[in-house]
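Here is the structure we will look at, set down as structure tokens.
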Amino acid sequence: MLRSLDIRDMLIIDRLELIFQPGLNALTGETGAGKSILLDSLGFVLGWRGRAELVRAGADQGEVTAVFDLPSGHAARAVLDEAGFPAGDELILRRINTVDGRKTAWVNDRRCSGEVLRSLSDTLVELHGQQDDRGLLNPRGHRTLLDQYGQTDGLRTEVRAAWTARQSVVKALKSAEEALDAVRSEEDFLRHAVAEMRALAPQPGEDASLDASRRMMQASERVRADIAKAAQALGGQGAEGAAGDALRWLEDASAQLDGQLEAPIAALGRALVELDEAARGVEVCADALSFNPAELEEVEERLFAIRALARKHGVTPDNLGEFAEGLEQRLAALDAGDAQIDTLRSDLKRANKVYDDAASALSAARAEAAGRLDAAVMAELAPLKMERAVFETTMEETPPGPEGIDEVAFRVATNPGAPAGPLAKIASGGELSRFLLALKVCLTGAQPGLTMIFDEIDRGVGGATADAVGRRLAGLARGGQVLVVTHSPQVAALAAHHWRVEKRVENDMTLSTVTPLDPGQRVDEIARMLAGDTITPAARAAAKALMVG
């Protein structure tokens with residue numbers, strides 16, 4: 001609920017503070033007194049797009065502050081939470097417009113964007129009037145309004161879930177088909193490459209191992225003769241044999257020399273041990289260097305085959321195994337692709353069935369709600385002296401989407417036999433006002449804390465029709481808050497709270513003021529609305545009669 005509105009230096013308002021109340025609040029005054037400026041100022045603080053130049057002449061900046069009560073569960077709390085603003089029982093919006101056009105806004109004393117203001121305004125205020133492009137006159141919102149009236153939340157949730165599931169399968173199927181098409185374009189290459197890889201079967205590290213073996217074999221041909229000579233020089237016909245003979249000779253002589261040869265004999269024994277070890281090592285090496293020349297040819301052939309295949313595919317020899325695994329996977333995907341696509345197509349068929357059933361159920365619920373809404377609006381039009389008018393909610397099939405398969409529009413015909421058309425184009429000013437009011441009466445649900453504003457909704461009507469308009473506005477205001485800008489004394493008389501908007505001139509400057517009216521002042525204001533500038537006793541009596549109802 002809008003609790004207060006403080007306006008400073010906006011258009012022809014220098015300083016104005018209004019304290020609003022629950023129920024029906026009426027704003028009256030002469031044409032041009034400034035009633036629309038109040039709505040412009042409220043729209044400004046709510047982030048609505050309006051007049052470009054709002055700052056009062058001679059002022060540096062204009063400022064508007066609006067204070068709203070936020071009951072528990074108010075939709076504005078979710079907007080505040082998403083924007084990262086604290087939410088309490090009171091919401092203070094403040095916005096400044098400098099003379100050079102810069103605008104700055106605050107929510108509870110924290111800077112915010114115009115987008116946040118507009119999101120909040122959708123939960124705080126509804127404006128209804130002949131320029132009501134934000135509400136009932138906007139066909140894009142008619143489906144949502146019908147769903148709210150028909151309470152189709154559960155069905156809409158099912159449709160959205162079915163649509164999301166369907167789109168997931170569509171995406172997966174498209175991806176699988178694109179992948180299969182891409183793989184099929186290289187099927188011949190894949191099968192040939194996989195066959196090559198399987199035939200060669202390269203192993204990790206095999207390139208380095210083969211290269212080492214090849215180098216050793218090539219080197220062995222050059223050193224094998226030297227190793228053989230060394231083995232002969234160390235063996236029984238060489239150093240080892242000669243050392244053995246010398247040891248026997250010295251041992252025979254040592255017995256006759258009283259131990260003088262013990263040290264040379266011991267050293268020669270150790271030398272024989274080392275010579276034997278060296279000879280065995282040379283023999284082992286010689287055995288290792290023995291190979292079949294065909295083996296070198298086989299090693300070189302495999303090594304060159306691995307390196308050629310690696311160059312062909314642009315990878316290193318050590319990565320051939322990983323590359324081959326990737327080729328195997330792509331070939332497996334190709335072989336399994338048709339089966340996967342068949343499965344996904346079956347999944348899509350089932351998802352389509354689930355979506356179609358959910359969308360059809362939602363359409364049926366909407367059609368039933370549309371019939372009830374049409375009957376309810378027609379019942380409201382009769383007291384508003386439009387019993388010959390026709391209101392209908394049309395539904396046309398639209399491409400499937402997350403909100404179903406229905407396009408909804410409110411259409412009217414003001415005369416019997418005339419074709420129905422869009423609400424904003426068919427109805428005249430007074431008729432449009434009454435259509436909007438009847439529709440709003442039927443559509444209003446439990447929206448805690450919502451302030452409804454009707455801008456001259458009673459234009460073009462009078463007498464009993466105006467009284468009917470006032471009574472429906474009063475009905476809408478029960479348990480909530482309605483602000484109505486009106487020229488109708490019948491409407492003003494039914495208000496719970498009444499303000500008079502008027503102009504005054506101070507120091508050659510025109511200013512607008514708004515005055516709350518007590519019961520006596522209300523009688524005079526309603527009498528003025530009935531009789532004009534000269535208020536007669538009869539006009540006062542008529543005003544009192546209207547107020548009594």
Side-chain angles (χ1 to χ4, degrees), residues 122 126-153 155-156 159 359-445 447 450 452-461 465-466 468-469 472-473 475-476 484:
D122 289 340
E126 274 190 4
L127 173 65
H128 301 287
Q130 296 182 57
Q131 304 302 320
D132 184 23
D133 59 350
R134 292 171 54 87
L136 301 179
L137 296 186
N138 185 352
R140 287 178 295 180
H142 290 177
R143 182 173 60 192
T144 299
L145 291 171
L146 179 62
D147 283 336
Q148 291 172 353
Y149 180 79
Q151 298 180 339
T152 61
D153 290 350
L155 292 172
R156 290 170 68 195
V159 169
S360 295
L362 178 57
S363 294
R366 283 172 172 161
E368 188 274 334
R372 288 190 290 112
L373 178 60
D374 292 350
V377 173
M378 292 295 293
E380 285 294 328
L381 289 175
L384 295 173
K385 306 304 179 184
M386 295 187 69
E387 59 276 356
R388 295 170 63 84
V390 175
F391 175 89
E392 62 178 6
T393 304
T394 63
M395 291 176 51
E396 295 182 1
E397 188 168 338
T398 191
E403 297 297 321
I405 56 174
D406 309 304
E407 181 177 333
V408 176
F410 299 146
R411 300 171 68 84
V412 300
T414 55
N415 297 301
L423 190 61
K425 294 182 179 180
I426 296 298
S428 65
E431 292 169 336
L432 176 60
S433 299
R434 285 175 281 171
F435 270 121
L436 291 175
L437 180 57
L439 187 56
K440 188 58 189 174
V441 168
C442 297
L443 289 174
T444 298
Q447 295 172 282
L450 182 67
M452 288 179 282
I453 301 174
F454 291 86
D455 183 15
E456 299 188 15
I457 198 75
D458 50 8
R459 178 181 296 180
V461 299
T465 303
V469 169
R472 272 144 188 80
L473 288 173
L476 284 176
V484 57

Would you be so kind as to tabulate the donor-acceptor pairs closer than 3.5 Å made by side chains of residues 368-395, with sequence neighbours excluded?
residue, atom, partner, partner atom, Å
Glu368, OE1, Arg372, NE, 3.2
Glu368, OE1, Arg372, NH2, 3.4
Glu368, OE2, Arg372, NE, 2.7
Asp374, OD1, Thr393, N, 2.9
Asp374, OD1, Thr393, OG1, 2.8
Asp374, OD2, Thr393, N, 3.2
Glu380, OE1, Arg472, NE, 2.5
Thr394, OG1, Ala409, O, 3.2

Student check: side-chain heavy atoms of Ile405 and Pro399 closer than 4.5 Å: no

Asp147/Arg156 ion pair, N-O < 4.0 Å: yes

Asp406 side, atom CG; Glu396 side, atom CD - distance, nearest 0.5 Å: 10.5 Å

Worked check of side chain to side chain contact (heavy atoms under 4.5 Å, CB included) between Met452 and Leu476: CA-CA 9 Å; Met452 288 179 282; Leu476 284 176; 4.1 Å; yes

Arg143 side chain vs Val408 backbone, donor-acceptor pair below 3.5 Å: no

Pairs meeting criterion ring-ring contact (aromatic ring centres under 6.0 Å, His included) with involvement of residues 359-389, two or more places apart: none

Stepwise side chain to side chain contact (heavy atoms under 4.5 Å, CB included) check, Phe410 with Leu145: CA-CA 10 Å; Phe410 299 146; Leu145 291 171; 4.0 Å; yes

Closest contact, heavy atoms only, Thr398 versus Gly404: CG2-O, 4.4 Å

Nearest non-hydrogen partners of Ala413 and Ala420, listed with the distance: CB-CA, 4.0 Å

Shortest non-hydrogen separation from Pro402 to Val159 and the atoms involved: O-CG1, 3.5 Å

Nearest-0.5 Å distance, CG of residue Leu146 to CG of residue Leu443: 8.5 Å

